[in-house]
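Right, one structure below, let's go through it.
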Amino acid sequence: MKIKSIRAFPFRRPAPDVSGKCRAGWQDDAEVANPMSRYPRYKARRAYWRPALDAIGCLVTAEDGSWGFGTGRMGAPAISIINDHLGKLLEGEPCLATERLWDMMYRLASPYSAAGMASYAISAIDLALWDLKGRVLGRPVYELLGGPARDRIECYATGNDTDWYMELGFRATKLACPYGPADGLDGLAGNERLVAKARELIGDEIDLMLDCWMAFDVEFAVRLAERLRPYRLKWIEDCLIPEDFDGFAEMRRRLPWISLATGEHWYAVLPFFHAAKHALVDIFQPDIEWVGGVTACAKICHIAEASGRSVMLHAGMNTLYGQHLTYAMPSATWGEYFVHAPPAVPLAQMTVIPGTPVPDRGAVNPPDAPGFGMDIDLKWIEASAG
């Protein structure tokens, strides 16, 4: 069976009502260290400088009318790559040949690089193709990937409302680091206060991590890690600009005693292969909607398994895509759930796609319906199209 059409469009993600709850969430007024923190004009809020581009949807339709749906990011540029280039050239190809189709997209994008913006487009198409494949074969995606690798996915919560995550039953949590090199010694002290407060709150039986979101240089990262040594962090994450492979090598040399994690802003497969080959980091964190979809993530998981590393998808438990991939891959040891809602707002209220499970007492399982198990139809997709 062949692909009849591939169409991308703006996708309106539902905006849940979180008014009238007990307190504001940490994201409402928290400063988070970021790559632009050295520039005072943009330091206080990531929203001041990040691209204001819509989410996208991608609908792949087969000759017999079967369809699959995927979502992604980066708005009009990614939509144009799909509708004006990649999608047209995949029409008429066998719709179940996900490896072949991913390889074609990767090579088709080579004149402008399959990394970055093109990777968002490739991801949306790949996710839709896997959803279509599962629907056509009548099986959940995790079975197409080899079946369950575990009984349930253990999850950690990301955010700075730590008391709320403990109440929800998470057994691990990750903090968003507020300060970077531009804050000097005060920044080191402020970061330590945040970590110390969290460790005191959660005790010794809960794992604690720190997300540094591309904000540091090597010197600041090393000094902060040494300062935080008494608080027994499981890992520090995303310390450097993604392309600074030499910097990651230097961090690894100077911090042999702590696990390093990154990969959220690496695109396609080669950066992960390079990182494994040179032992730069211990934990890979691709985003399944950014890196190239299920196909790319499966390849990354195999690289990790062969090199003794683990994979923890960026915000993977917020999507059905990440849940299915993590459930099936032995090297995907944990799942990250980014808590968007303020305290007291039920996690289920924040789901984007109907039918998406949320963690219960710190664990989750994907649905066993065909494809990704989305509880949607074509009318819902059309209604969500911008």
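In this text, all values refer to a predicted model and were calculated from it rather than measured experimentally.
- Of the possible donor and acceptor atoms, none in the side chain of Ser80 sits under 3.5 Å from a partner among the backbone N and O of Pro77.
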(Q) Please determine whether side chain to side chain contact (heavy atoms under 4.5 Å, CB included) holds for the pair Val352 and Phe11, giving the CA-CA distance in whole Å, both sets of side-chain angles, and the decisive distance to 0.1 Å. (A) CA-CA 11 Å; Val352 172; Phe11 174 63; 3.8 Å; yes
Q: Please test Arg152 against Asp360 for salt bridge (Lys or Arg N to Asp or Glu O under 4.0 Å), starting from the C-alpha separation and ending with a verdict.
A: CA-CA 11 Å; Arg152 63 179 189 170; Asp360 179 21; over 6 Å; no
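- More than 12 heavy atoms of other shown residues, nucleotides or ligands fall within 6.0 angstrom of atom CZ in Phe245.
- The local environment of CZ in Arg254 is crowded, with over 12 non-hydrogen atoms from other residues, nucleotides or ligands closer than 6.0 Å.
- Using a 4.0 Å cut-off between charged nitrogen and carboxylate oxygen, Lys379 and Glu382 do not count as a salt-bridge pair.
- Using cut-offs of 30° and 60° on the angle between ring planes, the pair His314 and Trp290 is tilted.
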Q: Please test Ile6 against Leu86 for side chain to side chain contact (heavy atoms under 4.5 Å, CB included), starting from the C-alpha separation and ending with a verdict.
A: CA-CA 9 Å; Ile6 297 176; Leu86 302 181; over 6 Å; no
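- Minimum heavy-atom separation, Leu89 to Met104: O-CE, 4.1 Å.
- Electrostatic pairing of Asp282 and Lys234 does not count as a salt bridge here, judged by no charged N lying under 4.0 Å from a carboxylate O.
- Two residues are said to be in side-chain contact when any heavy atoms from C-beta on lie closer than 4.5 Å; Pro148 and Asn365 fail this criterion.
- Nearest heavy-atom pair, Phe372 versus Asp131, reported as atom, atom and distance to 0.1 Å: N-OD1, 3.0 Å.
- The closest side-chain donor-acceptor pair between Tyr267 and Tyr120 falls under 3.5 angstrom.
- Ring centroids of His274 and Phe248 are separated by 6.0 Å or more, keeping the two rings apart.
- Using bins of under 30°, 30° to 60° and over 60° for the plane-to-plane angle, the ring pair Tyr142/Tyr327 lands in the perpendicular bin.
- When Trp334, Trp235, Phe272 are each tested for a ring pair (Phe, Tyr, Trp, His ring centres under 6.0 Å) with Phe284, only one passes: Phe272.
- Nearest approach of Trp266 to Val291, heavy atoms of both residues: O-CG2, 3.5 Å.
- Across all non-hydrogen atoms, the minimal contact from Gly25 to Asp161 is CA-OD2, 3.5 Å.
- Side-chain contact between Met317 and Glu336: absent, with no pair of heavy atoms (C-beta onward) separated by less than 4.5 Å.
- One distance of note links CG of Asp377 with CH2 of Trp67; it measures 7.0 Å at 0.5 Å rounding.
- The shortest distance between side-chain heavy atoms of Ile56 and Ile82 falls below 4.5 Å.
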Q.
With side-chain hydrogen bond (donor to acceptor under 3.5 Å, both in side chains) as the criterion, how do Thr295 and Trp130 come out once you've worked through the C-alpha distance, each side chain's angles and the decisive distance to 0.1 Å?
A. CA-CA 9 Å; Thr295 303; Trp130 276 95; 2.9 Å; yes
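- Here the closest non-hydrogen pair linking Asp217 and Leu240 is C-CD2, 3.7 Å.
- A salt bridge between Asp287 and Arg73 is absent, with no side-chain N of the basic residue lying under 4.0 Å from a carboxylate O of the acidic one.
- The residues Glu99 and Lys299 are annotated as salt-bridged, a charged nitrogen and a carboxylate oxygen being separated by less than 4.0 angstrom.
- Of all the heavy atoms in Glu250 and Arg253, the pair that sits closest is OE2-NH2, 2.7 Å.
- Taking CD1 of Ile3 as the start and SG of Cys95 as the end, the distance is 6.5 Å to the nearest 0.5 Å.
- For the pair Arg23 and Trp164, the cation-pi test (distance below 6.0 Å, angle within 45°) is failed.
- We find that Glu226 and Arg223 are not joined by a salt bridge, their nearest charged nitrogen and carboxylate oxygen being 4.0 Å or further apart.
- Atoms CD and NZ, from Glu63 and Lys4 in turn, are 9.0 Å apart once rounded to the nearest 0.5 Å.
- Tested against Lys174 for a side chain to side chain contact (heavy atoms under 4.5 Å, CB included), the candidates Leu210, Asn160, Thr158, Ile236 yield a single pass: Thr158.
- No side-chain heavy atom of Tyr48 sits less than 4.5 Å from a side-chain heavy atom of Asn34.
- Annotation: ring pair (Phe, Tyr, Trp, His ring centres under 6.0 Å) contacts involving residues 173-198, sequence neighbours excluded, are absent.
- Residues passing the side-chain contact (heavy atoms from CB on, under 4.5 Å) test with Glu305 are His302, Pro330, Ser331, sequence neighbours excluded.
- Applying the side-chain hydrogen bond (donor to acceptor under 3.5 Å, both in side chains) test between Tyr231 and each of Glu192, Arg199, Glu200 identifies Glu192 as the sole match.
- Here the CD1 atom belonging to Ile288 is positioned 10.0 Å from the NE2 atom belonging to His324, to the nearest 0.5 angstrom.
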